[in-house]
Amino acid sequence: MKKVVSVIYSLSVAGAENVCLNISSNINKEKFEAYIITIFDEAPLLNQLQNQENVKVISLGVQSKSRYWIFSPKLFLKFRKIVKSINPYTIHSHLWGVGTYILLTIIGLGIKNRIATIHTSGGHYKSSYWFSRIDRNVEKWTYKLLKFKLVCVSEEVRKMILQKLKILNPIKINNGVDLNYFNPIGNKQGIGSHYPVIVHVGRFLKAKNHWDMVRSLPALKEKYPNFKMCFIGAGVEENLKEYCEENQILDNVRFLGVTNNVVKYLNQADIGLFQSTYEGLALALLEMMSCELPVVISDIPVFKEITEKGNCAKITSLHRIEEISESIIELAGDKKQMKELGKEGRRIIAEYFSQEKMVSAYEELYEKTF
């Protein structure tokens, strides 16, 4: 049996963290023994590992808001000691930036297979700030020195790897969702008399572009006074709530925070909304599509890639508030189109973005030597 160690900053509720956990939880237990090492102690996703005794999670214990762990030799030695005691065949990094520097401690441990999945094309990869350039260079030379095989989650990420990290021939493996769990129900549950019910899932980060979504809602209320908008994710800005109050839509908008039951809200919703300025491969969008939600998305390249150039979505120009409002109104008024787009979205997920296919692709990599 081959041991696989996945390394990630934390097990907070986010896309890369869910992917890491899903791979470790679902790989073939007769072939692989899975470990996850986290740097930070934040781990709400551990609840999903109940009755998963064959996935061992080890935290280095750094407090989640600490910025200085990178300067701790003791922490680096602790990481090396843990990895050495496990003696894995494969180490699989989900880190990025200067955090990848900790991987240098595995030099001399005889780990035959070294893999790194790059989950985004934005953040420090796009930034021109001096510290972002340091992030990129540390990451690039760590991968090159240790001969890591890079995995990209989309064509957009592949382009970034070639342009910014200057590393050739990354392998593309799509993120995947559990089709049995993110499964459409026969009849929408709805939320009382509200229509349409719209949902967005994502942390309140600048790249998720919550402001454009919120600004599109007053025009929607003119057509559908009883609409309901549900935002799921951590970190809501008070200014967003103030805007909703000033524009008399606060009663229509729910800021739900983090929830362990996202699928419940997806199956209550009529339309999914995503207006990100960049993404690697938005797992939450895949989950919406798996639940047969028609989606209104921004026109960034990765969203076009996922939806086959809009075959299962309404695509709006980035930062065009009126287009967002009009697309939601058009969809809400055409239930036949909503159903057709939802069915097509589910087909795309089943064909290209299933968890089963993702896990199978990583199992094949875990068998190799790089």
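All residue numbers in this chain count up from 1 along the given sequence. Heavy-atom basis, side chains included; hydrogens, waters and symmetry copies ignored. Keep in mind the model is a prediction, meaning the values are calculated, not measured.
Figure legend: cation-pi geometry between K314 and F274 absent, as NZ or CZ is not positioned both under 6.0 Å from the six-membered ring centre and within 45° of its axis. Cation-pi geometry between K164 and Y125 is not satisfied (NZ or CZ under 6.0 Å from the ring centre, within 45° of the ring normal).
Here L162 is tied into one hydrophobic group with L168, each link being a pair of ILVMFWY side chains closer than 4.5 Å.
Taking the side chain as every heavy atom from C-beta outward, I36 and C20 approach each other to under 4.5 Å. At a threshold of 4.5 Å between non-hydrogen side-chain atoms, the residues D212 and I321 count as touching.
Ionic pairing of E344 and R347 is present here: one or more N-O contacts between side-chain nitrogen and carboxylate oxygen are shorter than 4.0 angstrom. By the 4.0 Å N-to-carboxylate-O rule, K2 lies close enough to E367 to be salt-bridged with it. E351 and K357 are not joined by a salt bridge, as no carboxylate oxygen comes within less than 4.0 angstrom of a charged side-chain nitrogen.
Under the 3.5 Å distance criterion, with hydrogens and angles disregarded, no donor-acceptor pair is assigned to the side chains of K3 and N87. Between the side chains of H92 and Y362, no donor-acceptor pair of N or O atoms lies under 3.5 Å. In this structure, a donor-acceptor pair under 3.5 Å is present between the side chains of E279 and S276. Remark: the Q275 side chain and the H210 side chain contain no N/O donor-acceptor pair separated by less than 3.5 Å. E323 and S317 share a donor-acceptor pair across their side chains, judged by distance under 3.5 Å alone.
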Inset, instruction - Verify salt bridge (Lys or Arg N to Asp or Glu O under 4.0 Å) between E292 and K339, making sure each step is shown before the conclusion. - result: CA-CA 8 Å; E292 292 189 1; K339 186 174 182 179; over 6 Å; no
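A distance-only check finds a donor-acceptor pair linking the side chain of N247 to the backbone of Y243 [under 3.5 Å]. Without hydrogens or angle criteria, D299 side chain to L318 main chain gives a donor-acceptor distance under 3.5 Å. The main-chain N or O of V157 is found under 3.5 Å from a side-chain atom of S154 such that the two form a donor-acceptor pair.
The aromatic rings of F255 and F231 lie parallel to each other, their planes meeting at an angle below 30°, with 60° marking the opposite boundary. Ring geometry, F131 versus Y129: the interplanar angle falls under 30°, so the pair is classed parallel (tilted spans 30 to 60°). Aromatic ring pairs are classed by plane angle as parallel below 30°, tilted from 30° to 60° and perpendicular above 60°; the pair Y143 and F148 is tilted.
Each of L266, N260, V258 was checked for a side-chain contact (heavy atoms from CB on, under 4.5 Å) with V262, and the lone residue meeting it is L266.
Applying the salt bridge (Lys or Arg N to Asp or Glu O under 4.0 Å) criterion to E155, with sequence neighbours excluded, gives R158, K172.
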